[in-house]
Amino acid sequence: MKQRNHAFDILCGICIVRMVTLHVMSFCGQDKQEWWLVVMQWSFFFMSFFFFKAGYFNKGTSSGTDLDYLRDRSRRLLIPYLTSGTIGAIVYFSFYPSLTERFGHFVEPLEWEHIWMRSSFYGNLPIWFLFSFFIVYMMVRYINKVRHLCWLTVLFPAVSYLVFRMGNQVPMSLGNVFIACYFFYLGRLWRWVMHRFAERTVAVASWAMTVAFVVLNLTLPGTYTMSQNLFTGSPVMAVVNATLALCGLAGILLTMHVRRIPLLCFIGEHSMVFFISHYPMLYFYKFVHLSYGRGIYHRTDDVLILLPVVFCLCAWLVPYVERVPWLSGRWHDSRRASATDAPRLG
């Protein structure tokens, strides 16, 4: 058997660690600290990595009928999206009576338009990603039906930027799916490069791209937040820098044939569990404390408590969640409509 290359497991693990840490910092009001803003500036591209990874491993989306493909993507993405969102909402709203009674009003604003303007759920906001991922897969299927149409996706970041400039007034917060398609096809292109050119050539190019990313991010900064379809700084450089970083880091780790880093690779290999589970835990912790009149905002000690507790609880949940297909997306009896690795977040 071919030895597993752990490059993408490592990058996926880094992405999950960054995401969970970001949410913990936000819950505890520490996300505006100068050192953390620097971390975010240099890691803004990691959410885009999941779409890049999906494109890299995708071998085609045109097999089977449209209905078979829709059913397959729905089972692997939409059902976990709905079920994990519902669990988050149950955790969230179960505190509504007690917190309303204690404070005279609920502690967070609730908006009806959230139902049709946001693809996230109250109690589990990050799962917008699963819905956007589903839409991207459907877009890719129909793009692939037209020869050479995929090359037009190089212009898709401009569409996301236009949506951003118009105030992101797109139902289900789908302004990010266009730039996500770009990263998906970037991953496919990079796989072609990895197979077309000698490993040493790819390694040299990857190091050059990584160095270029560092220089440009220092001199011409631009970042993109996919969850909000938010461009800051130069929008062109946000796309350029993300492209250089994704291809550069992936190329370096793939050509180095890095060894498995146990904890980081474990998180990357089971990223779906960490992804869908951590946010309801944070709300449970926050609302329990508020129920006793203690807030966690601007509390560094709660950051130090939450980080190890959330990661340990998610790791403990791995075997249990992965046995439940409507949470993990791992339907062992389903006929796959395409060769992808969607059960692990793309």
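Here, residue 1 is the first one in the sequence, and each next residue gets the next number.
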Y224-F164 aromatic ring centre distance below 6.0 Å: no

Minimum heavy-atom distance V140-C181, with the two atoms named: CG2-SG, 4.3 Å

Gap separating the CG atom of L254 from the CG atom of L11, nearest 0.5 angstrom: 8.0 Å

CG-CZ distance between L189 and R196, expressed to the nearest 0.5 angstrom: 12.5 Å

Test item: side-chain donor near acceptor, S48 and Y182, under 3.5 Å: no

Pair R260, H6: side-chain N/O donor-acceptor within cut-off below 3.5 Å: no

Contacts of Y81 that satisfy ring pair (Phe, Tyr, Trp, His ring centres under 6.0 Å) - sequence neighbours left out: F121, F131

Criterion side chain to side chain contact (heavy atoms under 4.5 Å, CB included) on H278 and F311, from CA distance to verdict: CA-CA 8 Å; H278 77 281; F311 277 109; over 6 Å; no

Check: R191 main-chain N/O paired with H195 side-chain donor or acceptor under 3.5 Å: yes

More than 12 heavy atoms of other groups within 6.0 Å of M117 CE: yes

Test item: F45 and F52 side chains (from C-beta on) under 4.5 Å apart, heavy atoms: no

Whether W331 side chain and R75 backbone form a donor-acceptor pair below 3.5 Å: yes

Using atom types as modelled, flag every donor-acceptor pair under 3.5 Å from a side chain in residues 201-214 to any protein atom, sequence neighbours excluded.
{"from": "S206", "atom 1": "OG", "to": "V202", "atom 2": "O", "distance (Å)": "2.7"}
{"from": "T210", "atom 1": "OG1", "to": "S206", "atom 2": "O", "distance (Å)": "2.9"}

Side chain proximity check, I179 to F231, heavy atoms < 4.5 angstrom: yes

Hydrophobic cluster membership, Y292 vs L282, 4.5 Å side-chain cutoff: yes

Any donor-acceptor N or O pair under 3.5 Å, side chains Y185, N144: yes

Between Y142 and D66: side-chain donor-acceptor atoms closer than 3.5 Å: yes

Any donor-acceptor pair under 3.5 Å from S277 side chain to F274 backbone: no

Pair V324-Y320, side chain to side chain contact (heavy atoms under 4.5 Å, CB included): steps then yes or no: CA-CA 7 Å; V324 184; Y320 304 103; over 6 Å; no

Minimum-distance pair of heavy atoms, taken over all atoms of W128 and N176: CZ3-ND2, 3.4 Å

Qualifying ring-ring contact (aromatic ring centres under 6.0 Å, His included) pairs, either residue in residues 243-269, two or more places apart: F266-H270

Straight-line distance of H289 NE2 to R294 CZ, nearest 0.5 Å: 5.0 Å

Pair D9-K53, salt bridge (Lys or Arg N to Asp or Glu O under 4.0 Å): steps then yes or no: CA-CA 10 Å; D9 291 334; K53 176 189 173 188; 5.2 Å; no

Distance-minimising heavy-atom pair for Y137 and A54: OH-CB, 3.7 Å

Shared hydrophobic cluster, F134 / W326 (ILVMFWY, side-chain heavy atoms < 4.5 Å): yes

Hydrophobic cluster identity match, W116 and V177, side-chain contacts under 4.5 Å: no

List the atom pairs, with distances to 0.1 Å, where a side-chain N or O of residues 86-98 and a protein N or O form a donor-acceptor pair under 3.5 Å, not counting sequence neighbours.
{"from": "T86", "atom 1": "OG1", "to": "L82", "atom 2": "O", "distance (Å)": "2.7"}
{"from": "Y92", "atom 1": "OH", "to": "E108", "atom 2": "OE1", "distance (Å)": "2.8"}
{"from": "S94", "atom 1": "OG", "to": "I90", "atom 2": "O", "distance (Å)": "3.2"}
{"from": "S94", "atom 1": "OG", "to": "V91", "atom 2": "O", "distance (Å)": "2.8"}
{"from": "S98", "atom 1": "OG", "to": "F95", "atom 2": "O", "distance (Å)": "3.1"}

Atom of T255, atom of G251 and distance for their closest heavy-atom approach: OG1-O, 2.7 Å

Exercise: identify the closest heavy-atom pair between N124 and S84: ND2-O, 3.3 Å

Heavy-atom side-chain contact between L155 and V159 under 4.5 Å: no

Inter-residue atom distance T223.OG1 - M237.CE, 0.5 Å rounding: 12.0 Å

Derivation and outcome, side chain to side chain contact (heavy atoms under 4.5 Å, CB included), residues H114 and Y122: CA-CA 9 Å; H114 187 93; Y122 285 118; 3.6 Å; yes

R188 CZ to N58 CG distance, which is reported to the nearest 0.5 Å: 5.0 Å

Check: F49 ring centre within less than 6.0 Å of F8 ring centre: yes

Pairwise side-chain contact, L220 with S234, heavy-atom cut-off 4.5 Å (strictly under): no

F287 and V107: CA distance, side-chain angles, deciding distance, side chain to side chain contact (heavy atoms under 4.5 Å, CB included) verdict: CA-CA 9 Å; F287 285 171; V107 293; 3.7 Å; yes

Test item: W36 and T21 side chains (from C-beta on) under 4.5 Å apart, heavy atoms: yes

Linked, directly or transitively: V309 and M19 (ILVMFWY side chains, under 4.5 Å): yes

Candidates Y285, Y283, Y297 - the one meeting ring pair (Phe, Tyr, Trp, His ring centres under 6.0 Å) with F27: Y283

ILVMFWY clustering at 4.5 Å (side-chain atoms), partners of L37: none

For the student: nearest non-hydrogen atoms of L290 and G295, plus distance: CD2-CA, 3.9 Å

Heavy-atom side-chain contact between I267 and V17 under 4.5 Å: yes

Linked, directly or transitively: M139 and W151 (ILVMFWY side chains, under 4.5 Å): yes

V273 side chain reached by S328 side chain, heavy atoms, under 4.5 Å: no

Sequence neighbours left out, cut at 3.5 Å: what donor-acceptor pairs do the side chains of residues 166-175 make with other protein atoms?
{"from": "N168", "atom 1": "OD1", "to": "N229", "atom 2": "ND2", "distance (Å)": "2.7"}
{"from": "N168", "atom 1": "ND2", "to": "Q228", "atom 2": "O", "distance (Å)": "3.1"}
{"from": "N168", "atom 1": "ND2", "to": "N229", "atom 2": "O", "distance (Å)": "3.3"}
{"from": "Q169", "atom 1": "NE2", "to": "G167", "atom 2": "O", "distance (Å)": "3.1"}
{"from": "S173", "atom 1": "OG", "to": "S119", "atom 2": "N", "distance (Å)": "3.2"}
{"from": "S173", "atom 1": "OG", "to": "S119", "atom 2": "OG", "distance (Å)": "2.9"}

F46 vs M40 side-chain heavy atoms within contact, under 4.5 Å: no

Polar side-chain atom of R18 near backbone of S43 as donor-acceptor pair, under 3.5 Å: yes

Test: R73 cationic atom under 6.0 Å from Y69 six-membered ring centre, within 45° of axis: yes

Gap between atom CD1 of I296 and atom SG of C28 - 0.5 Å precision: 4.5 Å

